[in-house]
Amino acid sequence: MIRFFVTMLSLLCFTITSQAQTKTETICFDDSYHGPERVEKVRQSDVVLLFKIGTNPNSLPTFYEKTKKEEASLRFYGGNILTVQGINGKIKRVLFWLVTKVKNNEFSTLKENKEGAKPLEPDRKGVAIWESRGNGVDSIVFTTSRGTQARIKKIEVTYEIDRVVLTISAARHATLYYSNKAFTIPQGVVARTYKIEDNMLKLSKKYVSGDVLPKDMAVVLEADEGSYTFWMTEKQGEKDEKNVLKGTDDNSQTTGGTIYYGFSNGKRGVGFYWRKADGGAFENGAHKAYIAYTPSSTAQAKSYLVFDTATGVRLTALQESQIEDEPTYNLVGQRVGKDYKGIVIIRGKKYLRK
């Protein structure tokens, strides 16, 4: 009987796509600059510039306004340090607009702050370019040689922000897990964690739009059918230590318990069900949630764990007389008969038919 029940499961259809968006921020040191004269930190959107004295004991990088003889610029003294950081993404390219010469005075360029690094060669317009050789970096550090001076008119930083686009089906539920990324929950999405009590999933914690979904925490998502963008964030968020949901970053075998449940739409509605007749381990999908459970007695373990009222569904018990003449549908929009038990939709509202 259990084998038949398992084969009748309908795996919920939702897709998770990891994408990156390329953005560019420009920080100008000209007449538009209104920061402090001695520059230590500049932040623009998801880019941060950190300036330090470095090996120069005398001077921080200093902004000088335009004069009759010279352009406005940031004077970057020999031994100073500049760190370019990407807050929510990877730095791909940094462009420096430099003053290369004023009358007979020639000025230096910048270079990476590592042994053997060569100076960035500016072109005829005074533009020096640094580019990542790989998929980008979290930060990059520049300096200039002692006894020299670079004059910076403008810095342009190109970076990529990670995001995940999740498409939810008419079943209105999905799961999500990333071990190394935290996300901001988008508008229209509710995320929930669960604990197990009396062989039922009980709500543990709820996260709503604008909240941070911490890394290394699997959740069940609820939203209307459609696509939703989860933007990566540097914020940590509040992790639920009672959460029983686990996840994998790739297609991997489930671990951590004696009985395993996958997210499905079964005869009892949306919930977690055995994927194998004995509740054994199975291959879990990338970035999706599962439950690893160790009951006090394996013989008493249920083949399913469905949600209580914490799913946000208004579970109202119905009398047969109330619904016998009304069209009734399940959570995926299929019309069902009078003998169907579980959560049903009548006149656009959800009820619990016992």
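Values in this document were obtained by computation on a predicted structure and should not be read as measured data. Scope of the values below: all heavy atoms of this structure, side chains included, with no hydrogens, waters or symmetry mates.
Side-chain atoms of Asp138 do not come within 3.5 Å of backbone N or O of Gln85 as any donor-acceptor pair. When atom types are taken as modelled, the side chain of Asn284 and the backbone of Gln253 share no donor-acceptor pair closer than 3.5 angstrom. Proximity of a side-chain donor or acceptor of Tyr33 to a complementary backbone N or O of Pro36 within less than 3.5 Å is detected. A donor-acceptor pair under 3.5 Å is formed between the side chain of Thr248 and the backbone N or O of Gly285. Of the possible donor and acceptor atoms, one in the side chain of Thr233 sits under 3.5 Å from a partner among the backbone N and O of Lys235. The closest donor-acceptor contact from the side chain of Thr62 to the backbone of Leu60 lies under 3.5 Å. Using a distance-only test at 3.5 Å, with no hydrogens or angles considered, no donor-acceptor pair links the side chain of Glu70 to the main chain of Val102. A donor-acceptor distance shorter than 3.5 angstrom exists from the side chain of Asn243 to the backbone of Ala218, with no hydrogens or angles considered. A donor-acceptor pair under 3.5 Å is formed between the side chain of Thr258 and the backbone N or O of Tyr293.
Lys52 contributes atom NZ, which lies 11.0 Å from atom CG of Leu82 (distance to the nearest 0.5 angstrom). Between the CG atom of Leu98 and the NZ atom of Lys154 there is a distance of 11.5 Å, given to the nearest 0.5 Å. Residue Ser204 holds its OG atom at 10.0 Å from OH of Tyr194, rounded to the nearest 0.5 Å. Of the inter-residue distances, the one linking Lys153 atom NZ with Phe29 atom CZ reads 13.5 Å to the nearest 0.5 angstrom. Atoms CG and CZ, on Asn80 and Arg146 in that order, are 10.0 Å from each other to the nearest 0.5 Å. Rounded to the nearest 0.5 angstrom, Thr22 OG1 and Glu160 CD are separated by 4.0 Å.
Considering only heavy atoms from C-beta on, Pro61 stays 4.5 Å or farther from Arg38 through its side chain. Taking 4.5 Å as the limit, some side-chain heavy atom of Val219 sits within range of a side-chain heavy atom of Leu213. Put simply, the side chain of Ile140 reaches to within 4.5 Å of the side chain of Glu112, judged on heavy atoms. Between Phe51 and Thr83 there is no side-chain heavy-atom pair separated by less than 4.5 Å. For the pair Phe230 and Val189, the minimum side-chain heavy-atom distance is below 4.5 Å.
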Check against salt bridge (charged side-chain N to carboxylate O under 4.0 Å, His left out), Arg172 and Glu225: CA-CA 6 Å; Arg172 302 186 69 252; Glu225 182 178 6; over 6 Å; no

When the side chains of residues 113-121 are checked against the rest of the protein, which donor-acceptor pairs come out under 3.5 Å, sequence neighbours left out?
none

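At a threshold of 4.5 Å between side-chain heavy atoms, the hydrophobic network of Ile, Leu, Val, Met, Phe, Trp and Tyr places Phe142 and Ile81 in two separate groups. Linking Ile, Leu, Val, Met, Phe, Trp and Tyr residues whenever their side-chain heavy atoms come within less than 4.5 Å places Ile152 and Val42 in a single cluster. Hydrophobic clustering, with ILVMFWY side chains joined whenever heavy atoms are under 4.5 angstrom apart, keeps Ile155 apart from Phe107. Both Val137 and Val157 are members of a single hydrophobic cluster when ILVMFWY side chains are connected at heavy-atom separations under 4.5 Å. Cluster membership check: Val270 shares its hydrophobic cluster with Leu245, using side-chain heavy-atom separations under 4.5 Å among Ile, Leu, Val, Met, Phe, Trp and Tyr.
Here Asp31 does not pair with Lys66 in a salt bridge; the nearest charged N to carboxylate O distance is not below 4.0 Å. Between Glu197 and Lys202 there is no salt bridge, since no side-chain nitrogen of the basic residue lies less than 4.0 Å from a carboxylate oxygen of the acidic one. A salt bridge does not link Glu131 with Lys92: none of the charged nitrogens is closer than 4.0 Å to a carboxylate oxygen.
Taking Ile, Leu, Val, Met, Phe, Trp and Tyr as members and joining any whose side-chain heavy atoms lie under 4.5 Å apart, directly or through other members, the hydrophobic cluster of Tyr77 also contains Tyr64. Cluster partners of Ile129, by chain and number: Leu95, Trp97, Val127. The rule joins Ile, Leu, Val, Met, Phe, Trp and Tyr whenever side-chain heavy atoms lie under 4.5 Å apart.
Checked against the 6.0 Å centroid criterion, the rings of Tyr261 and Tyr304 do not qualify as a close aromatic pair. Aromatic rings of Tyr178 and Phe183 (six-membered ring for Trp) have centroids within the 6.0 Å cut-off, being under it.
Applying the salt bridge (Lys or Arg N to Asp or Glu O under 4.0 Å) criterion to Asp216, with sequence neighbours excluded, gives Lys239. For Thr144, the side chain to side chain contact (heavy atoms under 4.5 Å, CB included) partners at least two apart in sequence or on another chain are Phe76, Ser108, Thr148. Residues passing the ring pair (Phe, Tyr, Trp, His ring centres under 6.0 Å) test with Phe272, sequence neighbours excluded: Phe263.
In terms of heavy-atom proximity, Lys195 sits nearest to Val244 at CA-CG1, 3.9 Å.
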